[in-house]
Amino acid sequence: MTTIKLHNTKTRKREDFVPIDPENVRMYVCGPTVYDRAHLGNARPVIVFDVLYRLLRHVYGPDHVTYVRNFTDVDDKINARAAQSGRSIGEITAETTQWFLDDMAAVGALEPNEMPRATAYIPQMIEMIEGLITSGHAYAAEGHVLFAVESYKDYGALSGRSIDDMIAGARVEVAPYKRNPMDFVLWKPSDADTPGWDSPWGRGRPGWHIECSAMSFELLGAHFDIHGGGNDLMFPHHENEIAQSCCAHPGSGFANYWLHNEMLQVEGKKMSKSLGNFFTVRDLLDQGVPGEVIRFVMLSTHYRKPMDWTEKKREEAEKTLRKWMNLTWNLQPFDAGLFEPDPKFVEAIADDLNTHLALVYLNGLTAQPQKLLDHARWLGFLSDKARLEEEKARRAYSSGSGTGASELLASLRQRMDALRNDAKLSKNFDLVDVFKAALLDAGAEVRMSKDGVEVIAGPNFDPTKLEALK
RNA sequence: GGCGAGUUGGCGGAGUGGUUACGCAGCGGAUUGCAAAUCCGUGUACAGGAGUUCGAUUCUCCUACUCGCCUCCA
């Protein structure tokens with residue numbers, strides 16, 4: 001069996017992955033707060049952990065992995081969006097949730113087994129908070145419930161901080177009701193205009209971190225295998241999750257392996273609205289960047305390194321995928337359930353998700369298109385959807401048969417063939433070159449060989465530009 | 001200020017205590033009316049300094065720089 005090696009943030013070491021129960025390997029990944037379109041950075045953990053999910057399913061069997069990714073649908077950002085847009089919270093979260101699913105499907109991510117929404121787990125959160133108060137790890141104050149960080153001796157262990165250091169470096173004002181400045185909110189009061197639920201502490205809503213503790217416990221148990229997310233979540237979110245969960249379920253250990261992906265940058269800079277380099281996954285898709293290109297670029301950099309999204313990488317990825325598609329579009333993929341990938345390929349991915357090496361492996365398969373197709377599909381490329389689009393495009397513009405633009409191409413091809421044959425005798429190729437230039441200008445690919453002329457419509461083919469040649 | 005990650009050839013990006021991936025671009029060649037596509041060949045690198053070692057790009061320490069987090073953020 002393949003040994004999976006993962007870099008565990010908890011120990012800061014690369015470790016062999018040993019599941020608690022190989023019959024049910026459990027992974028929790030922090031999902032989005034649903035108030036707006038997912039930006040490109042949101043896609044990184046989704047794609048990274050999608051690869052890990054595929055790997056776990058391969059090694060332990062598709063029915064022996066449980067992958068949970070939540071939707072945070074209660075949050076002050078959502079409330080703010082509702083107030084500002086005049087739309088209801090439910091409408092916003094429902095719409096944004098669907099957008100997220102659509103966009104992530106477009107980049108080739110499989111859906112997790114469970115996608116719980118925070119608002120469906122309020123009673124479980126309240127129960128957990130009550131337990132934390134009873135055991136002395138939390139206290140109620142002025143309608144809030146706060147977690148007492150000093151009651152958990154390992155607080156800060158994951159992110160390598162001490163409570164004292166953090167207080168010294170803190171740049172936030174401290175609420176007067178906190179016993180320790182680092183204490184964080186488990187529950188907070190809601191006014192009449194804010195969503196709220198009845199609780200022992202009055203009508204209110206949960207703090208940011210408790211949802212993940214409550215949902216992971218409900219769906220995966222107190223002790224599970226892998227917990228993932230962006231490294232910006234390491235502190236405070238994951239630190240707080242650990243504190244809550246470990247105090248609520250003493251001795252459970254919570255997650256064994258913590259995985260964090262590095263952040264995304266754009267042309268070497270942090271993606272931010274103020275720098276004007278902020279864009280969503282949907283923006284790219286709408287610009288005609290295929291989802292698989294986004295996926296390719298994401299997987300070409302190791303997940304623990306900063307990933308720089310650049311125009312150049314986008315172009316290169318597009319070229320490579322174009323090449324793969326050209327080689328494989330007319331082949332039949334092997335049944336995914338029966339396909340056995342090359343151990344070398346799997347080992348690269350099992351080595352702390354060395355996806356770049358896996359892509360290199362794929363690139364080495366261009367002489368074996370069938371193998372390329374099946375391995376690429378294993379990693380989420382050359383999907384049915386992409387292949388179908390390819391086939392449609394080829395049928396519509398093929399130089400062989402068909403109607404409309406394809407008929408035009410076919411007649412141009414024939415005329416060029418004839419002109420070329422004449423030119424070969426007369427040694428005057430001017431007319432052929434004029435035709436070729438026009439075709440290239442219209443976004444078509446022209447190939448001439450001993451066997452004749454081939455004309456293929458490229459991705460930006462514009463048949464209207466060829467009207468003049470008719 | 002605290003914590004963390006990183007610095008590899010023109011660019012991207014793996015990896016390794018000794019033999020220096022791979023892709024793109026470049027260059028040379030085959031092929032072509034010319035191209036495209038394809039194939040073959042080819043150059044250049046491990047931020048700086050000190051240490052450990054027979055030997056370090058790879059391990060340790062220091063310095064510089066870059067990035068992220070410490071506030072909602074994936």
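Computed from a predicted structure; not experimentally measured. Basis for what follows: all heavy atoms, side chains included, without hydrogens, waters or symmetry-related copies. Below, read A as the first sequence line, B as the second, and so on, with proteins coming before strands; counting in each chain starts at 1.
Set against rC69(B), rG10(B), rC34(B), the side chain of Lys312(A) has rG10(B) as its closest nucleotide. For Val360(A), the side-chain atoms get nearest to rC22(B) when compared with the rest of rC72(B), rC22(B), rA74(B). When each of rA74(B), rG23(B), rC72(B) is scored by its nearest atom to the side-chain atoms of Asn261(A), the top-ranked nucleotide is rA74(B). Of the listed nucleotides (rC70(B), rA5(B), rG33(B)), rG33(B) has the atom at the smallest distance from the side chain of Met448(A). Each of rC73(B), rC72(B), rA74(B) was ranked by its minimum atom distance to the side chain of Trp208(A); first place goes to rC73(B). Residue His356(A) places its side chain closer to rG13(B) than to any other of rA74(B), rC24(B), rG13(B).
Side chains of Asp73(A) and Thr119(A): a donor on one and an acceptor on the other come within 3.5 Å. Side-chain contact annotation: Thr72(A) with Glu211(A), donor-acceptor N/O pair under 3.5 Å present.
Donor-acceptor pairing under 3.5 Å, judged by distance alone, is present between the side chain of His39(A) and the base of rA74(B). Below the 3.5 angstrom threshold, one finds no donor paired with an acceptor across the side chain of Lys77(A) and the base of rC73(B). For rG33(B), the base has a donor-acceptor partner in the side chain of Asp433(A) [N/O atoms by modelled type, under 3.5 angstrom].
Regarding Lys313(A), its NZ atom lies at a distance of 18 Å from the P atom of rG23(B), rounded to whole Å. Residue Asn231(A) contributes atom CG, which lies 10 Å from atom P of rA5(B) at whole-angstrom precision. When the P atom of rC34(B) is taken as reference, atom CE of Met416(A) falls 15 Å away, rounded to whole Å. For Phe345(A) and rA14(B), the CZ to P distance is 16 Å, given to the nearest whole Å. The distance between atom CG of Asn363(A) and atom P of rC24(B), rounded to the nearest whole Å, is 7 Å. Rounded to an integer number of Å, the gap from OH of Tyr155(A) to P of rC70(B) is 12 Å. Taking atom NE2 of residue His238(A) and atom C1' of nucleotide rC69(B), one finds them 13 Å apart after rounding to whole Å. Here the P atom of nucleotide rC69(B) and the CE atom of Met263(A) are 7 Å apart, to the nearest Å.
Residue-level contact check: Leu359(A) touches neither bases nor backbone, having no heavy atom under 4.0 Å from any strand. Across all strands, Arg420(A) comes closer than 4.0 Å to base atoms (heavy-atom distances). Among the heavy atoms of the strands lying under 4.0 Å from Phe429(A) is at least one base atom, whether or not backbone atoms are also near. At a threshold of 4.0 angstrom between heavy atoms, the contacts of Val29(A) with the nucleic acid are absent. Counting any heavy atom pair closer than 4.0 Å across all strands shown, Ser300(A) reaches sugar-phosphate atoms only and no base atom. Residue Gln265(A) is classed as a sugar-phosphate contact, given heavy-atom separations below 4.0 Å to backbone atoms only. His302(A) comes within 4.0 angstrom of the backbone, heavy atoms only, and of no base.
Using a 30° and 60° split on the angle between ring planes, Phe345(A) and His375(A) fall in the perpendicular class, above 60°. Relative orientation of the Tyr67(A) and Tyr53(A) rings is tilted, given thresholds of 30° and 60° on the angle between their planes.
A gap of 16 Å separates the P atoms of rU7(B) and rU57(B), to the nearest Å. To the nearest whole angstrom, the two P atoms, one in rG18(B) and one in rA56(B), are 11 Å apart. A gap of 12 Å separates the C1' atoms of rG68(B) and rC73(B), to the nearest Å. Distance check on atom P: rA47(B) versus rG6(B) gives 13 Å, rounded to whole Å. Comparing the P positions of rA74(B) and rG13(B) gives a spacing of 24 Å, expressed to the nearest Å. Comparing rC67(B) with rG10(B), their C1' atoms are spaced 23 Å from each other, to the whole Å. For rG2(B) and rU71(B), the C1' atoms lie 15 Å apart once the distance is rounded to whole Å. Here the separation of rA14(B) from rA50(B), taken at their P atoms, is 29 Å to the nearest Å.
Proximity of Lys305(A) to the phosphate of rC67(B): no side-chain N or O atom is located under 4.0 Å from OP1 or OP2. Proximity of Lys323(A) to the phosphate of rG23(B): no side-chain N or O atom is located under 4.0 Å from OP1 or OP2. Contact between the side-chain N/O atoms of Thr301(A) and the OP1/OP2 oxygens of rG13(B) is found at a separation under 4.0 Å. Of the side-chain N and O atoms in Asn326(A), none sit less than 4.0 angstrom from OP1 or OP2 of rA37(B). Phosphate proximity of rA25(B) to Lys319(A): present, with a side-chain N or O under 4.0 Å from OP1 or OP2.
Judged by distance alone, with hydrogens and angles left aside, the side-chain atoms of Arg54(A) form a donor-acceptor pair with the main-chain N or O of Trp378(A) at under 3.5 Å.
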* To do: With side chain to side chain contact (heavy atoms under 4.5 Å, CB included) as the test, would you mind laying out the steps for Phe296(A) and Trp324(A) before giving the verdict?
  => CA-CA 12 Å; Phe296(A) 190 101; Trp324(A) 292 1; 3.6 Å; yes
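Salt-bridge check for Arg322(A) with Glu390(A): passed, with a basic side-chain N closer than 4.0 Å to an acidic carboxylate O. Between Arg314(A) and Glu318(A), at least one side-chain nitrogen of the basic residue sits less than 4.0 Å from a carboxylate oxygen of the acidic one, meeting the salt-bridge criterion. A salt bridge does not link Asp352(A) with Lys5(A): every distance from a Lys NZ or Arg NE/NH1/NH2 to an Asp or Glu carboxylate oxygen is 4.0 Å or more.
Counting only Watson-Crick or G-U wobble pairs whose defining distances are both under 3.5 Å, the stems of 3 or more consecutive pairs in RNA chain B are B:1-7 with B:64-70, B:10-12 with B:22-24, B:26-30 with B:38-42, B:47-51 with B:59-63.
With Asn8(A) as reference, Glu15(A) is the one residue of Arg14(A), His260(A), Glu15(A) to meet the side-chain hydrogen bond (donor to acceptor under 3.5 Å, both in side chains) rule.
Along RNA chain B, the nucleotide nearest to Lys424(A) and the one nearest to Phe235(A) differ in position, and the one closer to the 5' end is contacted by Lys424(A).
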